[in-house]
S.K.: 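I'd like to ask some things about the structure below.
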Amino acid sequence: MRSFAGRDILSLKEFERNEFFHVFEVADEMEPIARSRRNTDLLAEKTMVTAFYQPSTRTRLAHEAAMHRLGGHVTGFADAKMTRAGDFYQESIKDTVKMLEFYGDVIVMRHFQQGAPHEAAKWASIPIINGGDGWGEHPTQILTDLYTVLTEKGTIDGLKWLAVGDMRMRTMHSLGYAMSQFDCPITFVSPPDMSLTDEFRTELNQFNVNFNEVEHVEEAIADADVILVEPVVQPDYTKARDERTGELDLTPANYKITRELLATKAKPDAILLHSLPRMDEVPTDVDITRWSRYWQEAFNGVVMRMALLALVLGKME
Ligand code: CP
């Protein structure tokens, strides 16, 4: 297996099956630290730089929390408008990371431009972790979700997945690539204007992903062991910031996971994932049902980032 030390985490397209399981093993080692709310000194000599060109609650703060749990240091920006990349100069990715690489040992980047973290990785001498790039990918989120499935169900192989939402979304791309390494049939449900792109569909076929597409969650929910939901009412991920204007659309029933739907159609032991933030696609009365696992997913978001940071910074092999 390739070493993770010094490696960029840009995409799950390049992840091998044994690498997924190795990351999960390291996450298992990190879990008790996060569970007991302890801070250790594993990364005491290391600093993480966050470069967030798009809003985030979970991804940035989970990475920061992970770094604190491991005794490391954190610096960076959460709003590029306060940097030279977001003012008159519109400083390039290259010029920015050629500075940031001297301020720390790993950079976590979220950007509205697909491929921006890849561009950063071309120039930086330290690892780049992709915290979400435009409609591109969100690898650390899907690693979190797969780890949640493994810890909740005891396996990943053999489970049937239902993925509901906007298929242009970066999490869906990372999920599709990850599915190529597991024995998991997956059904996608999305509005027609948010369906799998032809390019992504071709890739899934090339990667031998066992997938199909249906129009309504009701057609597929009864078979699903894992239900992963993303909003269909959401901002434009190619923008640095997309404010709400006017009346918001509601999520059509085809793409909504209600308590009644779960109670009448879902397997009793299916699990429901949502990386959040949400709109109305998973109403809040679902939170206390036996299907919901999104708070466990949130906890695992810290555990997974601890594992990835320890690996790429060479403190875990
Ligand atoms: N799931 C996720 O990426 O959330 P944030 O946008 O808050 O980071």
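Reckoned from all heavy atoms, side chains included, excluding hydrogens, waters and symmetry mates. The model shown is predicted, which means the values in this text are computed figures rather than measured ones. Counting starts at 1 for both ligands and their atoms, following the listed order.
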S.K.: So which protein heavy atom does atom 7 (O) of ligand 1 come closest to, and at what separation?
M.R.: T57 N, 2.7 Å

S.K.: Ignoring hydrogens, what is the shortest heavy-atom contact between R259 and D285? Give both atom names and the distance.
M.R.: NH1-O, 3.0 Å

S.K.: Would you say the side chains of S275 and E230 form a donor-acceptor pair under 3.5 Å?
M.R.: yes

S.K.: Looking at the rings of Y177 and F200, which for Trp means the six-membered one, are their centres under 6.0 Å apart?
M.R.: yes

S.K.: With atoms numbered from 1 as shown, which atoms in ligand 1 lie under 4.0 angstrom from a non-hydrogen atom of S275?
M.R.: 1 (N)

S.K.: Give me the nearest non-hydrogen protein atom to atom 2 (C) of ligand 1 as residue plus atom name, then the distance to 0.1 Å.
M.R.: L276 O, 3.5 Å

S.K.: With heavy atoms of Q141 as the reference, note each atom of ligand 1 found under 4.0 Å away.
M.R.: 1 (N)

S.K.: Look at atom 6 (O) of ligand 1 and find which of R58, H274, R110, H63 reaches it with the closest heavy atom.
M.R.: R110

S.K.: Going by distance only, is there an N or O of H138 that falls short of 3.5 Å from an N or O of ligand 1?
M.R.: yes

S.K.: Can the ring centroids of F182 and F21 be said to lie less than 6.0 angstrom from one another?
M.R.: yes

S.K.: Check whether the side chains of D287 and Y294 place a donor and an acceptor atom closer than 3.5 Å, and report yes or no.
M.R.: yes

